[in-house]
Amino acid sequence: MVNVTSFKTARSEEIFTAAQKLMPGGVSSPVRAFKSVGGQPIVFDRVKGAYIWDVDGNQYIDYVGTWGPAICGHAHPEVIAALHEALEKGTSFGAPSFQENTLAEMVIEAVPSIEMVRFVNSGTEACMSVLRLMRAFTGRDKIIKFEGCYHGHADMFLVKAGSGVATLGLPDSPGVPKDTTSNTLTAPYNDLEAVKALFAENPDQISGVILEPVVGNAGFIPPDAGFLEGLRELTSENGALLVFDEVMTGFRIAYGGAQEKFGVTPDLTTLGKVIGGGLPVGAYGGRRDIMALVAPSGPMYQAGTLSGNPLAMTAGIKTLELLQKPGTYEYLDRITKRLIDGLLKAAQEEGHAVYGGQISGMFGMFFTGDPVHDYEDAKKSDLAKFSRFHRGMLERGVYLAPSQFEAGFTSLAHTDEDVDRTIQAAREVLSGL
Ligand SMILES: *Cc1c(COP(=O)(O)O)cnc(C)c1O
């Protein structure tokens with residue numbers, strides 16, 4: 001672990017400065033640029049278990065886990081070994097492979113709503129495809145999404161979106177035609193009355209409701225009691241579909257995702273992150289009668305050159321196998337609860353108003369004393385304070401997501417000692433904020 005005096009960033013700065021001339025903002029995805037927390041990003045050299053090493057040789061305890069996929073710890077030896085074996089047979093087939101069957105069976109077995117599945121290459125692709133499917137199945141164009149929820153960067157979802165859009169404070173994105181988003185209706189998260197009103201104002205026009213069943217892209221916001229159940233009822237009553245975007249929560253907050261955890265079964269589900277085990281995979285699936293519409297079984301077109309890639313399938317299969325071992329989710333829950341309880345306690349004892357929580361290996365802490373039930377509440381967080389906290393933690397060898405509007409993640413590789421060191425670092429930083 002780094003101590004403040006040995007923290008060096010010369011090499012990271014050199015690489016990032018060069019990157020800014022080569023790629024917009026110097027990155028391949030916006031939040032990585034550290035814009036909202038200030039300072040320059042660190043440039044990674046390698047990852048292993050719960051740790052990151054940067055190009056200056058600093059070591060960090062990692063609570064981003066490549067945004068969720070590293071749930072078994074980075075570069076798990078069994079995942080790496082399986083990948084080596086798969087690699088010998090080639091990197092891409094563009095044709096059916098047995099690995100797709102294996103991962104499909106595992107996903108169908110695990111996720112209550114999924115009877116059939118289609119693999120794609122990212123969460124964005126999964127969400128844009130599921131939206132097409134919602135419309136194809138219902139013959140209706142409108143959808144309801146929630147403020148602060150992120151469903152990838154497809155046009156129709158860039159309305160009051162979370163993640164990088166929230167981090168950068170972008171209301172919408174230029175380049176998205178009004179016609180495209182005119183069918184996207186939004187409601188505050190956890191607000192059933194608002195959803196009810198939208199259904200009343202748009203009779204027989206709404207194809208469905210899509211949401212993060214636990215929000216991770218506006219910071220960590222769990223659903224209020226009855227919210228998911230209420231959406232299930234409202235969608236069914238109105239002939240609309242309920243879609244859980246479990247790209248983040250799938251295989252993370254329980255093996256079967258939020259739908260297993262909360263006992264509410266949607267019609268369709270999107271997956272990503274964990275199911276790729278660190279390689280690019282997304283998926284959408286659900287009721288067999290709906291999935292039957294997807295080409296070539298049905299008329300709804302959707303395709304992908306690298307979809308079902310044997311390496312990506314292999315990493316996903318091995319990761320899910322590791323997660324099936326007894327006690328994994330209990331471990332994630334215990335270690336993460338210890339972490340967030342310790343952080344909240346340290347913050348309160350140092351005189352800061354904070355609000356936070358966790359479910360399994362997903363957590364978050366806002367710098368506001370008021371409860372956070374939706375994106376408006378999340379925005380009350382003291383962002384300047386969060387930035388100073390983030391930088392202080394970085395200098396002490398703890399890598400947190402570089403935005404207040406992102407959840408944190410633990411892994412099976414995080415130990416009690418890592419958590420203790422993190423809380424100790426936090427106490428030091430918080431005492432000086
Ligand atoms: C990350 C995420 C996406 C987008 O996935 P990408 O693989 O980044 O395209 C969509 N929905 C949710 C809930 C996510 O967390």
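The residues of the chain are indexed from 1 along the displayed sequence. FYI, side chains are in, hydrogens and waters are out, and symmetry mates aren't considered; it's all heavy atoms of this structure. Source: prediction; values computed, not measured. Counting convention: from 1, in listed order, for ligands and their atoms alike.
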Chemist: Going by the order shown, which atoms of ligand 1 are within less than 4.0 Å of some heavy atom of Gly123?
Modeler: 4 (C), 5 (O), 6 (P), 7 (O), 9 (O)
Chemist: Below 30° counts as parallel, above 60° as perpendicular, anything between as tilted: where do the rings of Tyr255 and Phe251 land?
Modeler: perpendicular
Chemist: Can you name the one residue among Phe367, Phe366, Phe389 that meets side chain to side chain contact (heavy atoms under 4.5 Å, CB included) with Val354?
Modeler: Phe367
Chemist: For the pair Phe34 and Tyr399, name the ring-plane relationship: parallel under 30°, tilted 30 to 60°, perpendicular over 60°.
Modeler: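 Tilted.
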Chemist: Looking only at protein heavy atoms, which one is nearest to atom 11 (N) of ligand 1, and how far off is it?
Modeler: Asp245 OD2, 2.7 Å
Chemist: How far is atom 2 (C) of ligand 1 from its nearest protein heavy atom, and which residue and atom name does that atom have?
Modeler: Lys273 NZ, 2.6 Å
Chemist: For a quick check under 3.5 Å, do Asp56 and Thr9 share a side-chain donor-acceptor pair by atom type?
Modeler: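 Result is no, nothing qualifies.
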Chemist: Using a 4.0 Å cutoff against the non-hydrogen atoms of Ser122, which atoms of ligand 1 qualify?
Modeler: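 Every atom of ligand 1 under 4.0 Å from some heavy atom of Ser122: 7 (O), 9 (O).
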Chemist: Considering only non-hydrogen protein atoms, determine which one is nearest to atom 4 (C) of ligand 1 and report residue, atom name and distance to 0.1 Å.
Modeler: Thr124 N, 3.7 Å
Chemist: Checking contacts here: is it the side chain or the backbone of Asn217 that comes within 4.0 Å of ligand 1, counting heavy atoms only? Could be both or neither.
Modeler: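 Side chain only; the backbone of Asn217 stays clear of ligand 1.
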Chemist: For ligand 1, which atoms sit closer than 4.0 Å to a heavy atom of Glu212?
Modeler: 13 (C)
Chemist: Would you please say whether a donor-acceptor pair under 3.5 Å links the side chains of Arg118 and Gln302?
Modeler: yes
Chemist: Are the charged groups of Arg232 and Glu229 less than 4.0 angstrom apart, N to O?
Modeler: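 Result for this pair is no, no salt bridge flagged.
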Chemist: Need the ligand 1 atom indices (1-based, order shown) with element for anything under 4.0 Å from a heavy-atom of Met248.
Modeler: 15 (O)
Chemist: Would atom 15 (O) of ligand 1 count as contacted, meaning some protein heavy atom under 4.0 Å?
Modeler: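 Looking at atom 15 (O) of ligand 1, one finds that a protein heavy atom does lie closer than 4.0 Å.
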Chemist: With heavy-atom distances below 4.0 Å as the criterion, list the atoms of ligand 1 near His151.
Modeler: 10 (C), 11 (N)
Chemist: Assess the side chains of Thr102 and Gln99: does a donor N or O sit below 3.5 Å from an acceptor N or O?
Modeler: no
